[in-house]
Number of protein chains: 2
Amino acid sequence: MSQHRHPGAPGRAGAVPALPDLPEATVARLPEYLRALHNLADSGHETVSSEGLSAAAGVNSAKLRKDLSHLGSYGTRGVGYDVALLIEQIEYVLGLTQRRAVALVGVGNLGHALAGYDGFASRGFRIAALLDADPSRVGEEINGLVVRHVDELPVIAVQESIAIGVIATPAAAAQRVADQLVAVGVTSILNFAPCVLSVPEGVDVRKVDLAIELQILSFHEHRKASLTALPGGLAATETQEAIGT
Amino acid sequence: MSQHRHPGAPGRAGAVPALPDLPEATVARLPEYLRALHNLADSGHETVSSEGLSAAAGVNSAKLRKDLSHLGSYGTRGVGYDVALLIEQIEYVLGLTQRRAVALVGVGNLGHALAGYDGFASRGFRIAALLDADPSRVGEEINGLVVRHVDELPVIAVQESIAIGVIATPAAAAQRVADQLVAVGVTSILNFAPCVLSVPEGVDVRKVDLAIELQILSFHEHRKASLTALPGGLAATETQEAIGT
DNA sequence: AGGCGCTTGTGAAGACGTGCACAAATCGCG
DNA sequence: CGCGATTTGTGCACGTCTTCACAAGCGCCT
Ligand SMILES: NC(=O)c1ccc[n+]([C@@H]2O[C@H](COP(=O)([O-])OP(=O)(O)OC[C@H]3O[C@@H](n4cnc5c(N)ncnc54)[C@H](O)[C@@H]3O)[C@@H](O)[C@H]2O)c1
Ligand SMILES: NC(=O)c1ccc[n+]([C@@H]2O[C@H](COP(=O)([O-])OP(=O)(O)OC[C@H]3O[C@@H](n4cnc5c(N)ncnc54)[C@H](O)[C@@H]3O)[C@@H](O)[C@H]2O)c1
């Protein structure tokens, strides 16, 4: 390590938050570690080794240690990591110490499922608004929340301090919705519609596309099939990877 | 280009499929290109330049060209790519020339939405079975398919030639379901439950975790906030979250 | 106190992915 | 037929990510 005395500890720190800028790949894995840590905590573990945690999270242990070292984390050599402390650290870095408000736009087939999902609440988020453009859906109550018209977004965004927008509308409407979200100051969007969104710099978009996942799986199926079909004669039967360098 | 005369053309090919082993990153982008190409085809375009297609898919044009070059694709210098041909090529490589059968296990909140989703059919897949362990759900009809008991999986897998399993059960049941899927010969799994699955070598698992996506967005929100707060003078105006241990 | 075994944190090397920039190829037109 | 405009395919350099391997640190036991 080189240039930070305070690793960004949540504890005292009247000083700077000093968010180290983590590698993107690391950020994507922190939530996995966090989930694994919560499981460990629930089952009574107080400490865990990098080996144990990496197994629970399904990654290589060296990678885990490097990831944690990036956030200046506290492990104890010969012992491992303090589970509770590590949870605190990761939640701090991920910005989960404040419960962020999510607006869900498009309460159709998928939107209903999302609205009824308890994984939001348990993982640091709060569904603060359900919005739809279809007047016949407005007014419907789901899980204690009333669906409101998407045009009310400007008011709601302020009232509820919306931090994240989730788009579950048809693809044709997604760009328009994204524009509306951006217009009210939302800078993070999760998009379920199968289309590319264009947004101004500074706005983060992540997408989830079911069909893409399936098509990637399909590719590997295809490849596996063509491999087992071919190598009758001479080729590597199985894990003959790592041939010459 | 060096060593392939046939780029793996789908048309005739009594010969070898000759699947080039594509970089994983490329495989992950091909479905994006495919979707963009279908859009272009629908709006009457017969050819498209790498610039145009890359814009539609939201990537850098050099990256697109390199990706396509990996599958030995046919572009025409000075003109661009033939849309229909490229669709054929990509669908061939992704193994979408046969419509793969998907078994959906866990017809709850999320499972219902997935079962009713038309994006499966339109992107190369067929929901061949809906399975659940809850007797009170068995028999229910969704979108023309009847929910059957998960114990019938062995029979159904053979009858329907299940290629891909989708897990939409609670996390606690996911590993068990995965084992059952593997036992009947499924080698590709898409997992919506927030947990790590352990499967034998040769089985591919992809996971979709909503909370992880939100937490990644949360991190960037946090970072953005701490950046705009800091560089003014010196102090962190906000981010006073997480007080004492 | 000292030594021993265990585990972290990290340097270094290699694999992988990205994007620039340009030569090679093709088309259309005069 | 030749030329210029255009666009592909790719060599190359750079950055990011992964993994190995090991020194440094820590706690426990004698
Ligand atoms: N259903 C799934 O399992 C599933 C899976 C993956 C992706 N998706 C994608 O998610 C999106 C939604 O899918 P769905 O099955 O829920 O569709 P849906 O048609 O059931 O629901 C779409 C909802 O969006 C609303 N809407 C339309 N335009 C709007 C606008 N401008 N502002 C606000 N709301 C608007 C509609 O009124 C409707 O309630 C689609 O893009 C789909 O491709 C769905
Ligand atoms: N609902 C969402 O929007 C959402 C979003 C992201 C992830 N998820 C995840 O998807 C999974 C399903 O979520 P949900 O909201 O649909 O839950 P749910 O409880 O509504 O549905 C789960 C279904 O799985 C069935 N099931 C349980 N054990 C089974 C077994 N061994 N074999 C077959 N079926 C079994 C149950 O009978 C039930 O019908 C969960 O792991 C959840 O974390 C849900």
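Chain identifiers are assigned alphabetically (A, B, ...) following the order of the sequence lines, protein sequences preceding nucleic acid strands; residue numbering begins at 1 within each chain.
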For DNA chain D, whose closest nucleotide is more 5', that of G80(B) or that of R29(A)? G80(B)

On DNA chain D, compare the nucleotides closest to A25(A) and G78(A); which residue's is nearer the 5' end?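 The residue closer to the strand's 5' end, by nearest nucleotide, is A25(A).
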
Only counting residues at least two apart or in another chain, list the ones meeting salt bridge (charged side-chain N to carboxylate O under 4.0 Å, His left out) with R123(B).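 With neighbours one apart ignored, the set is D209(A).
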
Taking only residues two or more places apart in sequence or in another chain, which ones pass salt bridge (charged side-chain N to carboxylate O under 4.0 Å, His left out) with R65(B)?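 For R65(B) there are no salt bridge (charged side-chain N to carboxylate O under 4.0 Å, His left out) partners, ignoring immediate neighbours.
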
[N] [atom2] sits how many Å from [X] [atom1], rounded?
{"X": "L71(B)", "N": "dG9(D)", "atom1": "CG", "atom2": "P", "value": "10 Å"}
{"X": "K63(A)", "N": "dC16(C)", "atom1": "NZ", "atom2": "C1'", "value": "12 Å"}
{"X": "D67(B)", "N": "dG9(D)", "atom1": "CG", "atom2": "C1'", "value": "13 Å"}
{"X": "E24(B)", "N": "dT16(D)", "atom1": "CD", "atom2": "C1'", "value": "17 Å"}
{"X": "L30(A)", "N": "dC17(D)", "atom1": "CG", "atom2": "P", "value": "13 Å"}
{"X": "E51(B)", "N": "dA5(D)", "atom1": "CD", "atom2": "P", "value": "19 Å"}
{"X": "H70(A)", "N": "dC17(D)", "atom1": "NE2", "atom2": "C1'", "value": "10 Å"}

Can you tell me if S50(B) touches the phosphate of dT7(D), counting only side-chain N or O atoms and a distance under 4.0 Å to OP1 or OP2? no

Check the phosphate of dG17(C) against N60(B), side-chain N and O only, distance under 4.0 Å to OP1 or OP2. Yes or no?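 False: N60(B) side-chain N/O out of range (4.0 Å or more) of dG17(C) OP1/OP2.
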
For DNA chain C, whose closest nucleotide is more 5', that of G75(A) or that of T76(B)? G75(A)

State, yes or no, whether a side-chain contact exists between N191(B) and V208(B) at a heavy-atom distance under 4.5 Å.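 Heavy-atom side-chain distance check fails, nothing below 4.5 Å.
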
For atom CZ of R126(B), decide whether the heavy atoms of other residues, nucleotides or ligands shown that lie under 6.0 angstrom number more than 12.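 Correct, the count exceeds 12.
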
What does A62(B) touch in the nucleic acid at a heavy-atom separation under 4.0 angstrom: a base, only the sugar-phosphate, or nothing?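 Base, at least one base heavy atom under 4.0 Å.
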
Does any donor-acceptor pair link the side chain of K66(B) with the base of dG19(C) at a separation under 3.5 Å? yes

Could you check whether R29(A) pairs with E32(A) (Lys NZ or Arg NE/NH1/NH2 to Asp/Glu carboxylate O, under 4.0 Å)? no

Taking dT8(C), dG9(C), dG27(D) as options, the one with an atom nearest any side-chain atom of S49(A) is dT8(C)

Any side-chain donor paired with an acceptor under 3.5 Å for R223(A) and H220(A)?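 Checked: R223(A)/H220(A) side chains pair up, N/O donor to acceptor below 3.5 Å.
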
For T97(A) and E91(A), which I'm curious about, is there any donor-acceptor pair between the side chains at under 3.5 Å?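 There is no such pair between these side chains.
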
Atom pairs, protein N/O to nucleotides 22-24 of chain D N/O, distance under 3.5 Å:
{"unit_1": "dA24(D)", "atom_1": "N3", "unit_2": "R77(A)", "atom_2": "NH1", "d": "2.7"}

